[in-house]
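Within every chain, numbering begins at 1; the chains are lettered A, B, ... in the order of the sequence lines, protein sequences first and strands thereafter. As the structure is a computational prediction, the values presented were derived from the model and not from experiment. Side chains included, hydrogens not; waters and symmetry mates left out as well; all remaining heavy atoms used.
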There are 2 protein chains.
Amino acid sequence: MARWQSGSRERLAASALRLFASQGFEGTTVAEIAAEAGLTERTFFRYYTDKPEVLFAGQGEFEALFLDGPETSTSTSPMELVASALDGAAAYFPDERRSWSRSRQVVVTGNVALHDRELHKMSALADALTAALVKRDVDPTAAALAAEAGVSVFRRAFAAWIAEGETRPFVDIQRGVLHQLQALLGSR
Amino acid sequence: MARWQSGSRERLAASALRLFASQGFEGTTVAEIAAEAGLTERTFFRYYTDKPEVLFAGQGEFEALFLDGPETSTSTSPMELVASALDGAAAYFPDERRSWSRSRQVVVTGNVALHDRELHKMSALADALTAALVKRDVDPTAAALAAEAGVSVFRRAFAAWIAEGETRPFVDIQRGVLHQLQALLGSR
DNA sequence: CGTTCGATGGCAGTGACTGACATGAACGAT
DNA sequence: ATCGTTCATGTCAGTCACTGCCATCGAACG
């Protein structure tokens, strides 16, 4: 019964995901999560700003991968910069993570508050990518359009990647979706 | 002191916008809004599902305009269907509405919860547009990409439309942004 | 005039989140 | 070894969004 078991943050996240999966997001109380982790409600809020946030840790690492491409790429074409961001992001989704991503996504899409938080994160990602493109001298409006299209491609690719029966690696799927986008607009 | 003043819903919305503008969203209590409208907190929640929602009435009308185009258009090209949706939506933003839109947007962008609700609405709009495209026999992935790109164009156009000093009508701005998107991908 | 209906009020309760303060394990300094 | 500081955590009281339940009362209708 050590008072200071280490890894409180991780234990909270694990307990939360398990409880959300078994009794739903709304059916789970923050006090319950904390109790499962051997902690207090008050302590939960010291690690996570709010209840949804507990499922969105590790987002920072992903965002870093996403933004690394455009900053190091030598290209100046907006869509090529976006493509480099997408390739970088794909590194965050090796095949070993596919199964875990599937279960997590079930929980997230099963609740409005969590879905909204996801939208928020994707929007922030698009904003960051937009800023990265602007820093590379892309016109602001073009940067925003390209960045949001890029995030759309990522989201579609992710959805396909975790679809039942899908076995192709993330990069391949995502490149296919990107080509579909280019065909959509390049065809005229 | 008639117990049943009519237009309770509208009075609540008006009081809310005014209070949010003057004391901020978080600095305003639902009880306050209700009191300003001569009603009770309990009654507020009979008209609006939650506090943010009070700023998003009339969204249904806009969505209808947005979805009308793709359903009546004779084209089969995804981007042409999207273009018809955008033209339809523009009808919701006559010049008389510009000033009101400006003040409302200040409030919305000034608060995370409201911004998130906006993202939610835009996401729902994209989903509805995607469904409309699919119903017109567009491939699901292409439909999603085109719909989200279309919503991006709308959002950028809206931002430009309410920018300080801007006087061009909504349709014109939006068509310009759409062309920018096409140039972005069509150029290769 | 009485009955019914629908909009509203009153009220108690839950749960997310916050601020203020107390506590006690860990750890270094003496 | 003891003292003192630090810091993760506990405790507690409070605010506010939101809900369920039931009472109320004006209005419409027969």
Short N/O separations, protein against nucleotides 17-20 of chain D, under 3.5 angstrom:
unit_1, atom_1, unit_2, atom_2, d
D:dA17, OP1, B:Lys51, NZ, 3.1
D:dA17, OP2, B:Val30, N, 3.4
D:dC18, OP2, B:Lys51, N, 2.6
D:dG20, N7, B:Arg42, NE, 3.4
D:dG20, N7, B:Arg42, NH2, 2.8
D:dG20, O6, B:Arg42, NE, 2.5

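With sequence neighbours left out, A:Gln59 forms a side chain to side chain donor-acceptor pair (under 3.5 Å) with no residue at all. For A:Tyr47, there are no ring-ring contact (aromatic ring centres under 6.0 Å, His included) partners two or more places apart in sequence or in a different chain. The salt bridge (charged side-chain N to carboxylate O under 4.0 Å, His left out) check on A:Arg168 picks up A:Glu166, with sequence neighbours excluded.
Between the CD atom of B:Gln23 and the C1' atom of D:dC16 there is a distance of 15 Å, given to the nearest Å. With rounding to whole Å, B:Leu39 atom CG is found 16 Å from D:dG26 atom P. Rounded to whole angstrom, the span from the CD atom of A:Glu10 across to the P atom of D:dA8 amounts to 14 Å. Between the OH atom of A:Tyr47 and the C1' atom of D:dA8 there is a distance of 6 Å, given to the nearest Å.
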If you look only at distance, which donor and acceptor atoms sit under 3.5 Å apart when one is on a side chain in residues 13-27 of chain A and the other is two or more places apart or in another chain?
unit_1, atom_1, unit_2, atom_2, d
A:Ser15, OG, A:Arg11, O, 3.0
A:Ser15, OG, A:Glu36, OE1, 3.4
A:Arg18, NH1, A:Glu36, OE1, 3.1
A:Arg18, NH1, A:Glu36, OE2, 3.2
A:Arg18, NH2, A:Glu36, OE1, 3.3
A:Ser22, OG, A:Arg18, O, 3.4
A:Ser22, OG, A:Leu19, O, 3.3
A:Gln23, NE2, A:Gly27, O, 3.1
A:Gln23, NE2, A:Thr28, OG1, 3.3
A:Gln23, NE2, A:Glu32, OE2, 3.2

Would you give me the side-chain donor-acceptor pairs under 3.5 Å for residues 145-155 of chain A, sequence neighbours excluded?
unit_1, atom_1, unit_2, atom_2, d
A:Glu148, OE1, B:Ser152, OG, 2.5
A:Ser152, OG, A:Glu148, O, 3.2
A:Ser152, OG, B:Glu148, OE1, 2.5

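Phosphate proximity of D:dT9 to A:Thr43: absent, as no side-chain N or O sits under 4.0 Å from OP1 or OP2.
In this structure, B:Asp95 pairs ionically with B:Arg98, as a charged nitrogen and a carboxylate oxygen lie closer than 4.0 Å.
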